[in-house]
Amino acid sequence: MAEATIFGKIVTGEIPVEKLAETDRVIAFPDIAPQAPVHILVIPKTAEYANVTELAAGDPGLLAEMVEVAQRLANEHADGHYRLVFNTGANAGQTVFHVHAHVLAGGLEEGSL
Ligand code: AMP
């Protein structure tokens, strides 16, 4: 089996995080290097999918669950408005190959990506 990524270790509890949301299949925790007033990562517990393209093809219901959790977090931690970012591929800035959504919210610059 491939070595667990840092997010795999977060799922097993080997690396502790402040859980901001949890369902049977998904957890969310603050990004360690926030890029916005609210910056939360939403990840599936399974390490099966490296990126959002694989997840969408393999388990669209799980992707929908991640979006649902993202909305709930934006409601709880901001005004319900949020940006959802899935870096996909090293050249797009992906550093952890366990699919994750960045939930960015709270005082985002208008029009910026
Ligand atoms: P990406 O660059 O899209 O692969 O995102 C990986 C994200 O994981 C980065 O924004 C990091 O700041 C974040 N990160 C790395 N290690 C941790 C950790 N232990 N706890 C929380 N966030 C982390």
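Small disclaimer: the values here were computed from a predicted structure and weren't measured. Both counts, for ligands and for their atoms, begin at 1 and track the order of listing.
With a 4.0 Å heavy-atom cut-off, ligand 1 is reached by the backbone of Ile32 and by its side chain too. Proximity of Gln35 to ligand 1, defined as any heavy-atom pair under 4.0 Å, is not found for any part of the residue.
With a 4.5 Å cut-off on side-chain heavy atoms, Glu54 and Val99 do not count as touching. You'll find the side chain of Tyr82 stays beyond 4.5 Å of the side chain of Leu108, heavy atoms only. Within the 4.5 Å cutoff, the side chain of Ile10 has no heavy atoms near those of the Leu41 side chain. Residues Leu84 and Val103 are in side-chain contact: their nearest non-hydrogen atoms beyond the backbone lie under 4.5 Å apart.
Near Leu41, meaning under 4.0 Å from one of its heavy atoms, ligand 1 places the atoms 8 (O), 13 (C), 22 (N). Close approach of ligand 1 to Ala33 (heavy-atom distance below 4.0 Å) involves ligand atoms 12 (O). Close contacts between ligand 1 and Asn87 involve ligand atoms 1 (P), 2 (O), 3 (O) [criterion: under 4.0 Å to a heavy atom]. Within ligand 1, the atoms closer than 4.0 Å to a non-hydrogen atom of Phe29 are 21 (C), numbered from 1 in the order shown.
For atom 6 (C) of ligand 1, the nearest non-hydrogen atom from the set Val85, Val99, Thr95, Thr88 comes from Thr95. Selection from Gln94, Lys9, His102, His98 by nearest heavy atom to atom 3 (O) of ligand 1 gives His102.
Residue His39 has no N or O atom closer than 3.5 Å to an N or O atom of ligand 1. Checking only distances, Val96 does come within under 3.5 Å of ligand 1, N or O to N or O. At least one N/O-N/O distance between Asp31 and ligand 1 falls below 3.5 Å.
Minimum interatomic distance between Gly80 and Asn75 (heavy atoms only, all atoms of both residues): CA-OD1, 3.3 Å. For the residue pair Ala56 and Leu63, the shortest heavy atom distance occurs at CB-CD2, 3.9 Å. Across all their heavy atoms, Leu104 and Ala36 have their closest contact at CD2-CB, 4.0 Å.
Follow the hydrophobic side-chain contacts under 4.5 Å out from Phe7 and you never reach Met66; the two are in separate clusters.
At least one heavy atom of Pro30 sits closer than 4.0 Å to an atom of ligand 1. At least one heavy atom of Phe7 lies less than 4.0 angstrom from ligand 1.
Looking at atom 2 (O) of ligand 1, its nearest protein heavy atom turns out to be Gly93 O, 2.8 Å. Taking atom 1 (P) of ligand 1 as the reference point, the nearest protein heavy-atom neighbour is His100 NE2, 3.1 Å. Protein heavy atom nearest atom 16 (N) of ligand 1, with residue, atom name and distance: Ile6 CD1, 3.7 Å.
Checked options Glu68, Glu48, Glu65; the residue passing with Arg25 is Glu65 (criterion: salt bridge (Lys or Arg N to Asp or Glu O under 4.0 Å)).
Aromatic ring centroids of His98 and His100 lie 6.0 Å or more apart.
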